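The structure under discussion appears below in the form of structure tokens.
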Amino acid sequence: MPHTSPTLSEFRDRFPALAAVPDARVNYWLGKHAPVTTSWDEVDYADAILELTAHNIVVNGELPASGGDAGDLAGVTRFRSASMDIAFSERAANAGLDGGYAASKYGQRFKIYLRRNVGTVRLVGCI
């Protein structure tokens, strides 16, 4: 069975929080899915592309201000309303600044697929 790229419809079904992102932008990022290649396990291929697409949309600021991750308070350690006093955990602040896959929940899930499919040093036949 050949590797099948995910469609706009599959993206919409999987990520309803990103429904406000225009179709053209989603299709653009669906096509920009390096490092995911057909050398990846077929079971992970489409899911990895979907997660990477969602990550790229979020980290590139393509969400309308009222939707998706715009209201995500992950990493907030303190919040006050009067005079607005917000504090983020060091881990969350560093992840956001890094811009890598740790910068979004979608990128963090993509990293799982990446680790499973991109070769690393492995010991075989240890004595």
Side-chain angles (χ1 to χ4, degrees):
M1 191 167 156
H3 288 69
T4 305
S5 294
T7 64
L8 175 64
S9 175
E10 290 171 305
F11 180 87
R12 296 287 185 213
D13 289 344
R14 186 166 181 152
F15 304 112
L18 302 178
V21 179
D23 291 352
R25 296 310 302 156
V26 174
N27 281 324
Y28 171 80
W29 286 113
L30 282 171
K32 300 281 185 186
H33 57 259
V36 182
T37 67
T38 54
S39 67
W40 282 40
D41 186 3
E42 187 177 338
V43 173
D44 293 339
Y45 182 76
D47 290 337
I49 292 172
L50 289 170
E51 294 292 347
L52 182 60
T53 297
H55 167 75
N56 285 331
I57 287 169
V58 170
V59 298
N60 286 293
E62 297 193 37
L63 285 175
S66 62
D69 280 0
D72 193 352
L73 296 178
V76 173
T77 59
R78 183 181 68 238
F79 177 85
R80 286 194 183 134
S81 182
S83 298
M84 193 59 86
D85 178 21
I86 301 174
F88 290 91
S89 69
E90 184 176 334
R91 180 176 172 256
N94 288 339
L97 291 173
D98 175 31
Y101 297 130
S104 77
K105 62 186 173 187
Y106 309 109
Q108 292 168 15
R109 291 193 299 240
F110 173 72
K111 280 177 32 176
I112 295 168
Y113 294 112
L114 186 64
R115 281 192 302 266
R116 284 200 309 224
N117 289 278
V118 176
T120 60
V121 177
R122 297 183 182 161
L123 298 176
V124 177
C126 295
I127 296 176

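Note that the structure is predicted; figures quoted are calculated from it, not measured. Heavy-atom basis, side chains included; hydrogens, waters and symmetry copies ignored. Along the sequence shown, residues are numbered consecutively beginning with 1.
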**OP:** Report yes if the distance between the aromatic ring centroids of His55 and Phe110 is under 6.0 Å, otherwise no.
**Re:** no
**OP:** Could you give me the CA-CA distance, side-chain angles and deciding distance for Asn60 and Trp29, then say whether side chain to side chain contact (heavy atoms under 4.5 Å, CB included) is met?
**Re:** CA-CA 11 Å; Asn60 286 293; Trp29 286 113; 3.4 Å; yes
Original post:
Would Val43 end up clustered with Leu50 when hydrophobic side chains under 4.5 Å apart are linked, directly or stepwise?
Top reply: no
Original post:
Are Arg116 and Asp44 close enough for a salt bridge, meaning some N to O gap below 4.0 Å?
Top reply: yes
Original post:
Looking at CD1 of Ile49 and NE2 of His3, how far apart are the two atoms once the value is rounded to the nearest 0.5 Å?
Top reply: 9.0 Å
Original post:
Where is the tightest heavy-atom contact between Asp23 and Arg12, given as atom of each residue plus distance?
Top reply: OD1-NH2, 2.5 Å
Subject >> Nearest atoms (heavy-atom pairs only) where Asn117 meets Trp40 >> reply: CB-CD2, 3.4 Å
**OP:** Over all heavy atoms of both residues, which pair between Phe11 and Leu18 is shortest? Give the atoms and the distance, please.
**Re:** CZ-CD1, 3.6 Å
**OP:** Heavy atoms only: give me the nearest Pro6-Ala46 pair and the separation to one decimal.
**Re:** CG-O, 3.7 Å
**OP:** Give a yes or no on whether Val59 and Ile112 share a hydrophobic cluster (residues Ile, Leu, Val, Met, Phe, Trp, Tyr; joining criterion: side-chain heavy atoms under 4.5 Å apart).
**Re:** no
Subject >> Student check: side-chain heavy atoms of Pro35 and Leu114 closer than 4.5 Å >> reply: yes
**OP:** Apply side-chain hydrogen bond (donor to acceptor under 3.5 Å, both in side chains) to Arg14 and list each qualifying residue two or more places apart in sequence or on a separate chain.
**Re:** Asp47, Glu51
Original post:
Which heavy-atom pair separates Val26 from Thr53 by the least distance, and what is that distance?
Top reply: O-CG2, 4.0 Å
Original post:
Does NZ or CZ of Arg109 lie under 6.0 Å from the centre of the six-membered ring of Tyr106, at an angle within 45° of the ring axis?
Top reply: no
Original post:
Does the side chain of Ser9 come under 3.5 Å of the side chain of Thr7 through a donor N or O and an acceptor N or O?
Top reply: no
**OP:** Output, in order, the C-alpha distance, side-chain angles, deciding distance and verdict of side chain to side chain contact (heavy atoms under 4.5 Å, CB included) for Asp41 and Tyr113.
**Re:** CA-CA 9 Å; Asp41 186 3; Tyr113 294 112; over 6 Å; no
Subject >> Student check: side-chain heavy atoms of Tyr45 and Thr4 closer than 4.5 Å >> reply: no
Subject >> Closest approach of Arg25 to Glu62 (non-hydrogen atoms, all atoms of both residues) >> reply: NE-OE1, 2.7 Å
